[in-house]
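Heavy atoms only: backbone and side chains are in, while hydrogens, waters and symmetry mates are out. The sequence lines fix the lettering, A, B, ..., with proteins before strands; numbering per chain opens at 1.
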Amino acid sequence: VISSGFKNAKNRFKGQSELTIENIKPALRDIRQSLLEADVEFKIVKKFLKNVEEKALGETVKTTIKHKGEKRKIKPADAFVKICQEELEALMGPVDTSINYREKGPSIIMMMGLQGSGKTTTTGKLAKMLTEEGKRVLLVAADIYRPAAIDQLKVIGDTLDLKVFSEANTSPQDICSHAVNYAIEHKYNLLIFDTAGRLAIDDKLMGELEEIDRRTKPDNKFLVIDSMIGQDAVHTAKEFNNRLEIDGVILTKLDGDARGGAALSVKEVTQKPIKFLGMGETFDKLEVFRPEGLASRILG
Amino acid sequence: FNEVKELNDDFLDDLEELLLTSDIGPKTADVLFEKIKEGMDKKSIKDSASVISFLKQETFDILNIKFEEKINKKPYIMLFIGVNGSGKTTTIGKLASQYIKEGKKVLLIAGDTFRAAAVEQLEVWAKRSGAGFHSGKDKQDPSSVIYDGIKKGLDENYDIIIGDTSGRLHTDKKLMEELKKIKRSAVKAHKDAPHDVFLVLDSTNGQNAIHQTKYFNEAMDITGIVLTKMDGTAKGGVIIGISNTYNIPVRYVGIGEGINDLKKMDVEEFVDALYS
Ligand SMILES: Nc1nc2c(ncn2[C@@H]2O[C@H](COP(=O)(O)OP(=O)(O)OP(=O)(O)O)[C@@H](O)[C@H]2O)c(=O)[nH]1
Ligand SMILES: Nc1nc2c(ncn2[C@@H]2O[C@H](COP(=O)(O)OP(=O)(O)OP(=O)(O)O)[C@@H](O)[C@H]2O)c(=O)[nH]1
Ligand SMILES: [Mg+2]
Ligand SMILES: [Mg+2]
């Protein structure tokens, strides 16, 4: 589905032979509309348009290319689209989809994020993926608040034939510490902490995550973000990153039609890589992040 | 925005930033800005304070949609629908608790037969609120669970019957068809069901909430919206465009994860918070 904003932008160059300040200005307004509808954060849209304008008017625009040995002119519409796409991909990179593993002892992934973003389901997806890569994965039920959260993770564990560590009447901080001891004892080499959803402004619950971080030093702190999120993405991502120094971002529910502009906002404000994309409710639906796919979706 | 300032470009730029960062969206922001410009031309708007009060009134008028309070119908049957993770199950638990405190006999139907521990989750809320509970077999067709649940609610003289459904993306044609089937089953169980269909929208959503409303409304006429997670930093401004386009009122606002964290929508309060 191409957004009307992007279509309009391309049409600004009909019958034009060059990118000029006259035809670029209206095209940028169309792109602005498209990016705001895609939920890219307001100030980031401004910065993006400025970069595109500079590139489009600058020396970097080559509207002549060598094709099969002869010079060919690229239509200004295509040159403009190319600049937008490249600029967006540049903002979303550099690509780093690695998982950090430690030299000695079990490695840890800590999942965190707002309520309902997809942490528990994504925990299952990562567990499946990494088990298939040969890891011995222990799932840790660190959400003691949400009704039947531990049941939910246990059902996922049964589905994937993986062990779930849980402990009644214990704080999430202690559950995670005890899980590490259990993992060492039973020779697991990767733990995934499924934590409760929380608001970034909830000082007590953010403090809980900080304590888990202090005591277990997770090698991968992943912020799980619902791709339908709007302008609030920046407040949430900034706060989680400031308090916990995240290692990466996982964007979920991209099997819908959310444009996912939040991805750009989150990347910009944290400077941390997007690692994976959630593409459905079942545990096989996790993809490694590639900027090209998301860039064209955000641009519309 | 509360001190009276001159109506200059800086003020209008700041205002545009306020509107857009509240998730009002570029289309609705343009509509509102057009009206402001008209007011400025007609000189009915001459300073920043009058812009803000104009915006508040305009927004209030859009959101202040009439609805019929059906709580004293018997039976009163309602369904909750919405995308994954929006807060349907939790909202049902909160609402059930309110009705029970008002002396009503409430039945909750576990219509999510798909997701891990969805039935268990609703059962906890039934226990916490004091509501009755009906669930089907594992992976049973949700339509038949809803049908059986409504029948049970009618047989056992419940005042209020609330059906929970599984989260689904509005772009999933198969799951949207399932919703239509759920509605047909509800009608089979009781000719006037559902008396209310609530679309649960996560207030942190951006413009995608508009698409959600469009497709969910086509599948099952939505009579009300619940805006959840308003205890966070999101402003929920996308609801303005939604109410303006689909004429559906926001009935409740979720303000936390506890059983008492649900309040009736107060349009004036919402508008004041939006433009603060
Ligand atoms: N369509 C789709 N649904 C998803 C995806 N990821 C998660 N979900 C669904 O989103 C809903 C919420 O997922 P959970 O895993 O429970 O989310 P959570 O972050 O653990 O929620 P809390 O623990 O309450 O904060 C469930 O219905 C999931 O099936 C995805 O990539 N696509
Ligand atoms: N802070 C806050 N959290 C909420 C609110 N409403 C729901 N939640 C949380 O959001 C998460 C998802 O809630 P659910 O009730 O499971 O959402 P759902 O729509 O039933 O999810 P699915 O059935 O998986 O589609 C849970 O962690 C809830 O506690 C609210 O108003 N404020
Ligand atoms: Mg969870
Ligand atoms: Mg639910």
Side-chain angles (χ1 to χ4, degrees), chain A residues 5 32-43 45-46 114-118 120-121 124 145-159 196-202 225-236 239 252-253 255-262 280-281, chain B residues 16-27 29-30 83-90 93 114-125 127-128 166-172 201-212 215 228-229 231-238 254 256-257:
Chain A
R32 177 181 188 269
Q33 186 86 355
S34 184
L35 292 178
L36 288 172
E37 283 177 5
D39 296 319
V40 180
E41 199 264 346
F42 179 73
K43 292 199 199 62
V45 173
K46 269 194 177 156
L114 295 175
Q115 291 87 347
S117 61
T120 305
T121 307
Y145 309 106
R146 169 175 155 151
I150 298 173
D151 290 329
Q152 186 184 6
L153 195 62
K154 284 191 169 161
V155 170
I156 292 175
D158 287 342
T159 306
R198 68 205 63 216
L199 298 177
I201 52 170
D202 186 326
I225 298 246
D226 186 329
S227 61
M228 301 180 261
I229 195 171
Q231 300 283 314
D232 188 57
V234 288
H235 305 136
T236 295
E239 190 62 15
T252 62
K253 307 178 202 171
D255 43 317
D257 61 359
R259 298 271 297 282
E281 289 193 77
Chain B
E16 183 185 45
E17 181 166 346
L18 171 73
L19 294 183
L20 290 173
T21 56
S22 307
D23 283 319
I24 285 179
K27 286 204 180 83
D30 283 347
V83 300
N84 308 71
S86 58
K88 300 175 288 300
T89 306
T90 307
F114 169 76
R115 206 207 70 212
V119 172
E120 287 79 352
Q121 184 186 6
L122 187 66
E123 188 165 23
V124 172
W125 284 109
K127 289 207 178 79
R128 280 183 185 179
S166 60
R168 67 202 64 223
L169 294 182
H170 48 289
T171 47
D172 188 322
L201 290 178
D202 184 331
S203 66
T204 65
N205 278 185
Q207 300 309 298
N208 193 255
I210 301 175
H211 292 198
Q212 293 172 31
Y215 290 102
T228 60
K229 310 178 197 174
D231 46 317
T233 44
K235 293 257 180 138
V238 65
E257 301 190 69

Which atoms of B:Asp172 are under 4.5 Å from chain A, going by heavy atoms: the side chain, the backbone, both sets, or neither? neither

Quick check on B:Glu123 against chain A: is it the side chain, the backbone, both or neither that has a heavy atom closer than 4.5 Å? neither

Shortest non-hydrogen contact from A:Ile156 toward B:Ala116: CG1-CB, 4.3 Å

What option among A:Ile229, A:Asp151, A:Val155, A:Thr159 has the most heavy-atom pairs under 4.5 Å with chain B? A:Ile229

Among A:Ser227, A:Pro147, A:Gly118, which has the most heavy-atom pairs under 4.5 Å with chain B? A:Pro147

Hey, are the side chains of A:Gln33 and B:Asp30 touching, using non-hydrogen atoms and a 4.5 Å cut-off? yes

For A:Lys154, is it the side chain, the backbone, both, or neither that has a heavy atom closer than 4.5 Å to a heavy atom of chain B? neither

Qualifying residues under ring-ring contact (aromatic ring centres under 6.0 Å, His included), relative to B:Tyr215, sequence neighbours excluded: B:His170

Answer yes or no: is there an ion pair linking B:Glu16 with A:Arg32, defined by an N-O contact shorter than 4.0 Å? yes

Under 4.5 Å between any side-chain heavy atoms of A:Asp226 and B:Thr204, yes or no? no

Of all heavy-atom pairs linking B:Gly206 and A:Asp39, the shortest is CA-OD1, 3.3 Å

Rounded to the nearest 0.5 Å, how far does OG of A:Ser117 lie from CG of B:Asn84? 12.0 Å

With rounding to the nearest 0.5 angstrom, report the OG1 to CD1 distance, B:Thr233 to A:Ile201. 5.5 Å

Where A:Leu36 and B:Pro26 come nearest, the two heavy atoms and their spacing: CB-CG, 3.7 Å

With respect to chain B, which residue among A:His235, A:Glu239, A:Glu281 yields the maximal number of heavy-atom pairs within a distance under 4.5 Å? A:Glu281

Does the side chain to side chain contact (heavy atoms under 4.5 Å, CB included) test come out yes or no for B:Gln121 and A:Gln152, once each step is laid out? CA-CA 9 Å; B:Gln121 184 186 6; A:Gln152 186 184 6; over 6 Å; no

Which portion of B:Val238 sits near chain A, non-hydrogen atoms under 4.5 angstrom: neither

Evaluate side chain to side chain contact (heavy atoms under 4.5 Å, CB included) for B:Leu169 paired with A:Met228, printing each intermediate quantity in order. CA-CA 11 Å; B:Leu169 294 182; A:Met228 301 180 261; 4.3 Å; yes

What pair of heavy atoms forms the shortest contact from B:Asp23 to A:Asp232, and how long is it? OD2-N, 4.4 Å

Name the region of B:Glu257, side chain, backbone, both or neither, that has any atom closer than 4.5 Å to a heavy atom of chain A. side chain

Which atoms form the tightest heavy-atom contact between A:Lys43 and B:Glu17, and what is the distance? NZ-OE2, 3.3 Å

In terms of heavy-atom contacts, B:Arg128 and A:Tyr145 come closest through NH2-O, 4.3 Å

Contact origin within A:Asp202 toward chain B - heavy atom pairs under 4.5 Å: neither

Which one, B:Lys235, B:Glu120, B:Arg115, leads in non-hydrogen pairs under 4.5 Å with chain A? B:Arg115

